[in-house]
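To keep things clear, I will list the structure first and then write my remarks on it.
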Amino acid sequence: MSDFFAMGGYGTYVWSAYSLSFVVLVAIVWFARRNLANTRERLKRQRLSSQERTP
Amino acid sequence: MWTWFHKLASPPHFYRTATVLEPWLFWPALILLGIGLYGGLIVAPADYMQGDGYRIIYVHVPSSYLSMFSYVTMAVASAIGLIWRMKLAFCVAVACAPIGAAFTFLSLVTGAIWGQPMWGTWWVWDPRLTSQLILFFLYLGYMFLRQALAETRQADRASGVLAVVGVVNIPIIHFSVEWWNSLHQPASLSKLEAPSIAADMLWPLLVMILAYQLLMLALLMTGIRAQVLEREKNARWVGELIGREGRGA
């Protein structure tokens, strides 16, 4: 098992490349979904406030 | 065929299609990522020259490929938008930019991490590396240009032209390792020739590329949905969509 993490001496390089990829991929999925949710929220608020102005 | 095309070109239909496709792209992507990681880290044998260090290929090549795929998608969508004045095409182009920038960033950084033990340096001003860095700046330029132009139509046109012109960089990246003397190794995969690497090393790479591809498409669907809503915010169907949610249905 420790052999697996050592990666024949390249452990630092291999695992940093993999963990960075993981972090960036999770981040872009999270940002994309948050952006969509924020857009919906903002449009909903805009519509509600425009309805109040013109009853 | 044409009725299908016209239907897809209507914003509400486009939005619904993207919503339906999204999970069908996202979950298979995660499953393939799992299989690809298992193959790349456990099944594939160590390389006779690079030992286990070569395993960075399984995250480096997919992100590099997707960095270019995203750009071509962005450029083609921009061209369609510019020529036929299609708003939806610009939705696709805009959604591509942050995804492509992220993959380009990953390609550059995982490449640097791979370069340090194998070449003895994180970075060289090599044709392949430099043209890939330019790709990153093209994505950033595209996004900053849109930010700077408040009016959507103006932003669409200006950033669209930038995306189309910048596409000349793509063949430069691809052929850089053949045209110039590069430190970067030539392509491991080629459509026309038999692969130059062992089958146990190859299939995890192909699975990882497919996983990244599906993930990119899933992200694209999410981005497209946000763009379509934003641009159609005054349309009735958006009101109905948001309103329906508001009542908890």
Side-chain angles (χ1 to χ4, degrees), chain A, chain B residues 22 26 29-30 33 37 40-42 46-47 50-60 62-63 95 98-99 101-103 105-107 109-118 211-212 215-216 218-230 232-234 238-239 241-243 245-246:
Chain A
M1 199 64 194
S2 66
D3 271 0
F4 177 69
F5 287 108
M7 281 284 157
Y10 292 110
T12 327
Y13 299 109
V14 172
W15 295 119
S16 55
Y18 275 76
S19 40
L20 185 84
S21 301
F22 178 75
V23 169
V24 171
L25 293 184
V26 170
I28 51 175
V29 170
W30 186 75
F31 273 115
R33 294 188 170 190
R34 198 193 58 162
N35 180 40
L36 178 61
N38 284 351
T39 305
R40 293 183 141 194
E41 271 308 302
R42 197 177 62 245
L43 296 187
K44 197 189 280 185
R45 270 200 308 273
Q46 280 173 5
R47 276 183 182 259
L48 287 176
S49 62
S50 68
Q51 274 164 13
E52 279 161 19
R53 267 184 275 117
T54 53
Chain B
E22 197 185 301
F26 183 74
L30 286 198
L33 265 186
L37 285 176
L41 291 170
I42 294 159
D47 185 65
Q50 300 196 356
D52 286 312
Y54 90 95
R55 291 184 201 278
I56 294 174
I57 200 174
Y58 298 115
V59 288
H60 175 69
S63 44
I99 306 169
F103 282 124
F105 173 78
L106 275 182
S107 160
V109 179
T110 57
I113 295 172
W114 198 0
Q116 173 59 24
M118 299 308 164
Y212 270 56
L215 186 66
M216 179 269 175
L219 283 162
L220 188 61
M221 294 306 138
T222 318
I224 286 172
R225 288 170 69 193
Q227 274 297 312
V228 173
L229 283 185
E230 184 72 56
E232 293 281 305
K233 59 184 165 196
N234 297 320
V238 174
L241 186 90
I242 301 173
E245 278 182 348

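Model, not experiment: these values are computed from the prediction. Proteins come first, then strands; the chains are lettered A, B, ... in the order of their sequence lines, and each starts at number 1.
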**Study point:** Side chain / backbone / both / neither for B:Ala46 at chain A, heavy atoms under 4.5 Å
**Key:** neither
Review point. How long is the span from the CG atom in B:Leu229 to the OG1 atom in A:Thr39, to the nearest 0.5 Å?
Key: 7.0 Å
Point to revise | Spacing of A:Leu36 atom CG and B:Glu230 atom CD [to the nearest 0.5 Å] | key: 11.0 Å
Practice item. Would you indicate whether B:Phe105, at its atom CZ, is surrounded by more than 12 heavy atoms from other residues, nucleotides or ligands within a distance under 6.0 Å? Key: no
Review point. Relative to chain B, which segment of A:Val14 carries a heavy atom at a distance below 4.5 Å: side chain, backbone, both, or neither?
Key: both
Practice item. Find the one option among B:Trp114, B:Tyr54, B:Tyr58 whose heavy-atom pairs under 4.5 Å with chain A are most numerous. Key: B:Tyr58
Study note, to complete from the structure: Between the OG atom in A:Ser21 and the CZ atom in B:Phe103, the distance rounded to the nearest 0.5 Å is 10.0 Å
Practice item. Identify the heavy atoms of B:Pro117 and A:Tyr10 that sit nearest to each other, and give their distance. Key: CB-CE2, 3.7 Å
Study note, to complete from the structure: Looking only at B:Ile99, B:Asn234, B:Leu219, B:Leu33, the option with the highest number of non-hydrogen pairs under 4.5 Å against chain A is B:Leu219
Study note, to complete from the structure: For B:Ala226 and A:Asn35 the tightest heavy-atom approach is CB-ND2, 3.8 Å
Study note, to complete from the structure: Counting heavy-atom pairs under 4.5 angstrom with chain A, the leader among B:His60, B:Gln227, B:Met118 is B:Met118
Review point. Is any side-chain heavy atom of B:Pro98 less than 4.5 Å from a side-chain heavy atom of A:Phe31?
Key: no
Practice item. Look up atom OG1 in B:Thr222 and atom CZ in A:Arg34, then write down how far apart they are to the nearest 0.5 Å. Key: 14.0 Å
Review point. Between atom CH2 of A:Trp15 and atom CD1 of B:Ile56, what is the distance when rounded to the nearest 0.5 Å?
Key: 11.0 Å
Check your understanding: Do B:Leu215 and A:Ile28 pass the side-chain contact (heavy atoms from CB on, under 4.5 Å) test, and can you show the C-alpha distance, the side-chain angles, and the key distance before you say yes or no?
Key -> CA-CA 10 Å; B:Leu215 186 66; A:Ile28 51 175; 5.7 Å; no
Point to revise | A:Tyr18 side-chain N/O to B:Arg55 backbone N/O, donor-acceptor pair under 3.5 Å | key: yes
Practice item. Go through the atoms of A:Phe22 and report whether side chain, backbone, both or neither lie under 4.5 Å from a heavy atom of chain B. Key: neither
Practice item. Could you tell me whether a side-chain N or O of A:Arg47 sits under 3.5 Å from a main-chain N or O of B:Lys233, the two making a donor and an acceptor? Key: yes
